[in-house]
Amino acid sequence: MTRILALAAAASLSASMVTAGGIERTAQSVGVLFEQDRYVEFTFGAASPDVNGIGTAAIGGGTSGDLARSYLQFGAAFKADINETWSYAVIYDQPFGADTAYPLDQAYFARGAEAEFESHALTGILRYKFPSNFSVHAGLRVQSIEASATIPFVGNYSVQGDRKLGLGYLLGVAYEVPEIALRVALTYTSAIDYDVDTVENSPLGVGNRSVTEVTTPQSINLEFQTGIAEDTLLFGGVRWVEWSDFDISPADYTSPFLANSPLLSYENDYITYTIGVGRRLNDTWSVAGALSYEKGDSGFVTNLGPTDGLLSVGLSAVYRQDNMTITTGIRYIDIGNAQTRAGAAAPAGVFEDNHAVAFGVKVGYAF
């Protein structure tokens with residue numbers, strides 16, 4: 001019972017991060033570490049955001065059209081025990097991403113602007129269980145990033161950043177009481193620094209080469225679950241990410257002779273709260289529901305990421321047959337309102353009443 005409920009809870013919890021602060025697309029959870037025996041899982045997700053805005057009089061008005069492209073997410077994980085004390089896990093995910101494209105057929109000042117950010121990460125984690133109910137875990141994270149952008153309204157500017165690898169780490173502690181399905185896990189994941197080889201095209205020059213420093217942010221994850229009644233599980237989490245330290249500032253773009261501002265940055269950090277309930281229906285089926293909230297920072301955001309905060313609801317179901325489980329989840333996200341800045345024009349655009357729908361499937365097998 002505990003395991004199948006935990007799978008439903010994990011589905012709702014992870015689905016909450018399909019759209020989150022900054023350009024985050026996964027919660028970087030270590031939940032797979034607590035699976036029993038040897039366990040492997042594969043995940044697939046799809047998200048369809050709808051983000052529209054209206055220009056202010058300062059930049060000539062006009063509607064932006066839907067600028068957020070739909071995207072797919074893939075992930076995989078493997079966990080195994082070395083002995084009764086030691087275990088390990090290997091996790092692949094796509095933690096950060098962005099895919100923005102302003103339609104050309106609109107009167108909005110940013111029409112034709114595009115931006116892409118892609119990441120892949122492989123994390124290896126080792127866990128040690130003490131004779132008490134405590135355990136500690138630590139690991140290394142190898143992550144790659146690649147980014148590009150085209151900004152026609154800033155002197156037909158474009159930039160391409162080469163793919164770069166970076167290395168980070170994570171540290172954590174957990175407390176468990178299996179008899180009541182209680183588990184609390186706290187994990188710190190470090191920032192990862194990159195020196196990205198960059199090529200820019202603008203009125204300042206074509207093919208100008210430089211190195212752009214990029215840091216994907218550090219974070220802290222608190223994940224919990226506990227039984228509250230027979231066949232019923234309460235679960236949730238709190239995730240803090242230091243997005244105020246994230247900044248993409250190519251040399252030419254940030255020059256006083258061009259945009260004189262970062263290409264992409266955030267003024268404040270983000271904290272995402274999730275709470276949910278899972279319920280076992282029978283030996284085959286379990287269901288769960290979860291709510292998530294992320295407060296917007298109320299500052300101006302860049303035109304390449306005009307969202308701020310969220311409120312969402314997610315539902316998931318788990319089907320179990322022998323050692324295999326199939327988990328499905330769907331989530332509706334009410335995307336927070338945002339205002340953008342364009343040079344001295346602030347606000348330049350107002351983005352309200354936007355939303356996203358996300359769907360995910362996870363197949364797990366214990367052996």
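Worth knowing before you read on, the calculation uses all heavy atoms, side chains too, and leaves out hydrogens, waters and symmetry mates.
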Hey, are Arg280 and Thr232 close enough side-chain-wise for a donor-acceptor pair under 3.5 Å? no
Is there a donor-acceptor pair under 3.5 Å between the side chain of Asp322 and the backbone N or O of Met324? no
Will you find, in the side chains of Asp162 and Tyr194, an N or O donor that is under 3.5 Å from an N or O acceptor? no
Ignoring hydrogens and geometry beyond distance, is a side-chain donor-acceptor pair present between Ser29 and Glu223 at under 3.5 Å? yes
Will you find, in the side chains of Asp93 and Thr26, an N or O donor that is under 3.5 Å from an N or O acceptor? yes
What about the rings of Phe130 and Trp86, do their centers lie closer together than 6.0 Å? no
Do you see a donor-acceptor pair shorter than 3.5 Å between the side chains of Glu200 and Tyr157? yes
Axial cation check for Phe153 ring with Arg111, 6.0 Å and 45° limits: no
Donor-acceptor pair, Thr43 side chain versus Gly75 backbone, under 3.5 Å? yes
Consider only side-chain N and O atoms of Ser249 and Thr254, and report whether a donor and an acceptor are under 3.5 Å apart. no
Side chains of Gln218 and Tyr188: is there a donor and an acceptor less than 3.5 Å apart? yes
Does a salt bridge link Glu294 with Arg239, judged by any charged N lying under 4.0 Å from a carboxylate O? no
Charged N to carboxylate O under 4.0 angstrom, Asp81 versus Lys129? no
Residues pairing under ring-ring contact (aromatic ring centres under 6.0 Å, His included) where one sits in residues 292-312, two or more places apart or in two chains, turn out to be none
Considering residues, nucleotides and ligands other than Glu267, do more than 12 of their heavy atoms fall under 6.0 Å from its CD? yes
Test side chain to side chain donor-acceptor pair (under 3.5 Å) applied to Glu41 and Tyr39, step by step: CA-CA 7 Å; Glu41 69 179 29; Tyr39 173 81; 2.9 Å; yes
Give a yes or no on whether Tyr273 atom OH has more than 12 heavy-atom contacts from other residues, nucleotides or ligands under 6.0 Å away. no
Scan the side chains in residues 167-179 for donor-acceptor partners under 3.5 Å anywhere in the protein, sequence neighbours excluded, and list what turns up.
from	atom 1	to	atom 2	distance (Å)
Glu176	OE1	Arg127	NH2	2.4

Gln321 and Tyr319: side-chain donor and acceptor closer than 3.5 Å? yes
Aromatic rings Tyr365 and Phe367: how do their planes relate, parallel, tilted or perpendicular, breaks at 30° and 60°? parallel
Using a side-chain heavy atom cutoff under 4.5 Å and only I, L, V, M, F, W and Y, what cluster partners does Phe44 have? Leu72, Phe74
Taking the basic N atoms (NZ, or NE/NH1/NH2) and the acidic carboxylate oxygens, is any pair closer than 4.0 Å for Arg69 and Glu116? yes
Does the side chain of Ser64 pick up a donor-acceptor pair with the side chain of Gln106 at under 3.5 Å? no
